[in-house]
Colleague: 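Structure below; questions to follow.
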2 protein chains.
Amino acid sequence: MQASLEIDGGGELTERQKDVLNAALRLLVEEGDRLTMTAVARRASCSKETLYKWFGDRDGLLIATVQWQASKVRVAPVDRARIDLPSLTASLEGFASDWLSVISSETSIALNRVAIARAGSDGHGLGAIVLDNGRIALARRLKPVLEAARGKGLLAFDDAETAFRSFFGLVARDVQIRLLLGDRLKLTEAEIGRDAALATRQFLALYGGER
Amino acid sequence: MQASLEIDGGGELTERQKDVLNAALRLLVEEGDRLTMTAVARRASCSKETLYKWFGDRDGLLIATVQWQASKVRVAPVDRARIDLPSLTASLEGFASDWLSVISSETSIALNRVAIARAGSDGHGLGAIVLDNGRIALARRLKPVLEAARGKGLLAFDDAETAFRSFFGLVARDVQIRLLLGDRLKLTEAEIGRDAALATRQFLALYGGER
DNA sequence: GCCGAACCGTAACGTACGGTACGGCGGGTC
DNA sequence: GACCCGCCGTACCGTACGTTACGGTTCGGC
């Protein structure tokens with residue numbers, strides 16, 4: 001089945017279906033791409049027939065699982081009224097530590113691994129979804145903040161996309177690729193806070209206005 | 001078979017074996033992780049029996065293939081005598097554009113995809129190899145340059161690792177994760193050059209000494 | 001010319017897994 | 001109570017693929 005390309009991923013799901021997807025998600029974290037339909041059915045205490053009726057095929061189940069996880073992490077848009085340097089700094093540090101927390105979480109690592117593994121062969125369904133709920137969602141939330149700050153003269157840049165990508169690089173650095181490749185790398189809360197503060201300071205040094 | 005963990009990956013290989021590994025490499029780029037032993041044998045015009053005799057099993061073949069590719073990209077160490085600001089700038093730009101070229105190449109993408117896909121389940125053999133020949137090799141070559149530049153007062157930092165990771169982030173930004181996830185993103189030579197120059201300028205702004 | 005080793009091509013085996021079919025059951029409706 | 005419907009559990013089917021086995025061919029050494 002070709003799962004419908006709806007934007008929201010958790011809309012018309014019954015509680016039972018959400019339970020099943022949560023089970024699939026946990027299994028995805030534990031087993032990676034080698035989870036089997038049988039294992040999902042057993043873990044969720046449902047029949048394979050039900051899995052196929054609800055999700056069509058294995059691909060449909062994976063897509064629904066990824067969309068379900070994505071729908072759980074939707075965040076409220078940032079309030080960008082009244083922005084000054086301290087609030088901008090705090091906001092950037094918040095974005096940075098949120099992002100570091102996400103990309104170092106077991107769930108994110110597992111989902112990115114599966115999406116990357118399948119990006120080569122299939123019609124890049126999962127990759128687009130993961131990208132859209134990761135990097136792209138971050139950009140959508142951050143760019144208005146950057147542009148508001150530029151409006152107040154707190155930042156100076158020509159292209160918000162370029163500025164965003166610099167911020168992204170300063171924050172993520174090599175963390176995600178190392179974790180995806182299996183590097184043992186434990187990020188504590190304190191380290192995330194320090195790294196976020198450093199990245200923010202560096203970003204302001206590069207893009208801060210009226211120095 | 002547990003392939004021996006030798007550091008060099010292309011040492012005791014006959015020409016015929018290199019041909020076979022090159023065929024496997026091409027197939028890996030085309031097919032990703034779903035390459036089959038039959039397909040490799042057919043592409044390399046050899047028998048499966050030979051594949052199993054030489055490489056033990058499918059894992060051994062994949063490991064040998066990744067090591068073989070890694071052995072091909074070994075580069076000469078950088079000459080760090082007589083360093084001044086122009087030569088440092090040129091050197092950093094060289095590192096940056098090399099790295100961007102590597103991570104945007106079909107081969108690197110395919111190898112990273114396979115290594116990431118298997119990093120969750122198997123004994124993280126491939127992930128460690130890819131990491132060691134990617135990020136870690138880059139750090140090994142770049143850090144002496146950074147430290148030499150610090151010795152001349154051209155750069156200022158406490159920890160070479162931290163400085164390196166900032167450089168890494170400024171160069172790579174979101175390029176690698178986007179490509180791994182299947183984002184269509186074509187980097188031209190000119191764009192790589194511009195991005196490398198920008199990253200270098202930003203890195204020097206953050207870590208340049210005696211301003 | 002003969003022998004053994006290495007190798008090619010292919011057939012065969014075993015298994016794992018995606019997908020389907022079916023019997024049973026509990027719960028809602030009349 | 002009779003009926004229906006959605007779902008569970010499980011057995012089953014077909015296939016793909018890793019792995020092994022085997023007959024035939026080439027080639028270097030004697």
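Just so it is clear: chains get the letters A, B, ... in the order the sequence lines come, proteins before strands, and each one is counted from 1. As the structure is a computational prediction, the values presented were derived from the model and not from experiment.
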Colleague: Once you apply a heavy-atom cut-off of 4.0 Å, does A:Arg16 come out as touching a base, just sugar-phosphate, or nothing?
Modeller: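 Counting heavy atoms under 4.0 Å across all strands, the contact made by A:Arg16 is with sugar-phosphate only.
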Colleague: Not counting sequence neighbours, which residues clear side chain to side chain contact (heavy atoms under 4.5 Å, CB included) with A:Thr89? List them please.
Modeller: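 A:Thr89 satisfies side chain to side chain contact (heavy atoms under 4.5 Å, CB included) with A:Leu85, A:Glu93, A:Thr200, A:Leu204 once adjacent residues are dropped.
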Colleague: Show me the side-chain donor-acceptor pairs of residues 141-151 of chain B shorter than 3.5 Å, one per line, residues at least two apart or across chains.
Modeller:
residue: B:Lys143; atom: NZ; partner: B:Glu161; partner atom: OE1; Å: 2.6
residue: B:Arg150; atom: NH1; partner: B:Phe157; partner atom: O; Å: 3.0
residue: B:Arg150; atom: NH1; partner: B:Asp158; partner atom: O; Å: 3.4

Colleague: List for me each residue that meets ring-ring contact (aromatic ring centres under 6.0 Å, His included) alongside B:Phe203, sequence neighbours excluded, and say none if there are none.
Modeller: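 Partners of B:Phe203 under the ring-ring contact (aromatic ring centres under 6.0 Å, His included) test: B:Phe167, B:Tyr207.
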Colleague: Testing the basics here: between B:Gln69 and B:Leu25, what is the closest heavy-atom pair and its distance to 0.1 Å?
Modeller: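 The pair with the smallest heavy-atom distance is OE1-CD2, 3.2 Å.
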Colleague: So, are A:Arg118 and A:Asp59 salt-bridged, with charged N and O less than 4.0 Å apart?
Modeller: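 Yes, A:Arg118 and A:Asp59 are salt-bridged.
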Colleague: Answer yes or no: is there an ion pair linking B:Glu30 with B:Arg43, defined by an N-O contact shorter than 4.0 Å?
Modeller: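 So B:Glu30 pairs with B:Arg43 through a salt bridge.
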Colleague: I would like to know whether A:Asp183 and B:Arg135 meet salt bridge (Lys or Arg N to Asp or Glu O under 4.0 Å); could you show each step before the answer?
Modeller: CA-CA 11 Å; A:Asp183 191 357; B:Arg135 197 222 93 125; over 6 Å; no
Colleague: Under 3.5 Å, is there a donor on one side chain and an acceptor on the other for A:Thr50 and A:Ser47?
Modeller: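 Their side chains do contain a donor-acceptor pair, which is all the 3.5 Å distance test asks for.
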Colleague: Between the opening five pairs and the closing five pairs of the helix from C:dG1-D:dC30 to C:dC30-D:dG1, how far apart are the helix axes, to 10°?
Modeller: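 Comparing the axis at each end, I get an angle of 0°.
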Colleague: Can you confirm whether B:Glu106 is buried at CD, in the sense that more than 12 heavy atoms of other residues, nucleotides or ligands lie under 6.0 Å from that atom?
Modeller: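 At most 12 heavy atoms, drawn from other residues, nucleotides or ligands, come within 6.0 Å of this atom.
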Colleague: Could you run through nucleotides 14-29 of chain D and give me one letter per nucleotide, 5' to 3': B if any protein heavy atom sits under 4.0 Å from the base, S if only the sugar-phosphate is that close, - if neither?
Modeller: ---SSBB-B-------
Colleague: Atom NZ of A:Lys72 and atom CG of A:Asn22: how far apart are they, to the nearest 0.5 Å?
Modeller: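 Going from NZ on A:Lys72 over to CG on A:Asn22, the span is 4.5 Å.
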Colleague: I'd like the 5' and 3' limits of the part of DNA chain C contacted by chain A, with heavy-atom contacts below 4.0 Å.
Modeller: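 Terminal contacting nucleotides, 5' to 3': C:dC17 to C:dC22.
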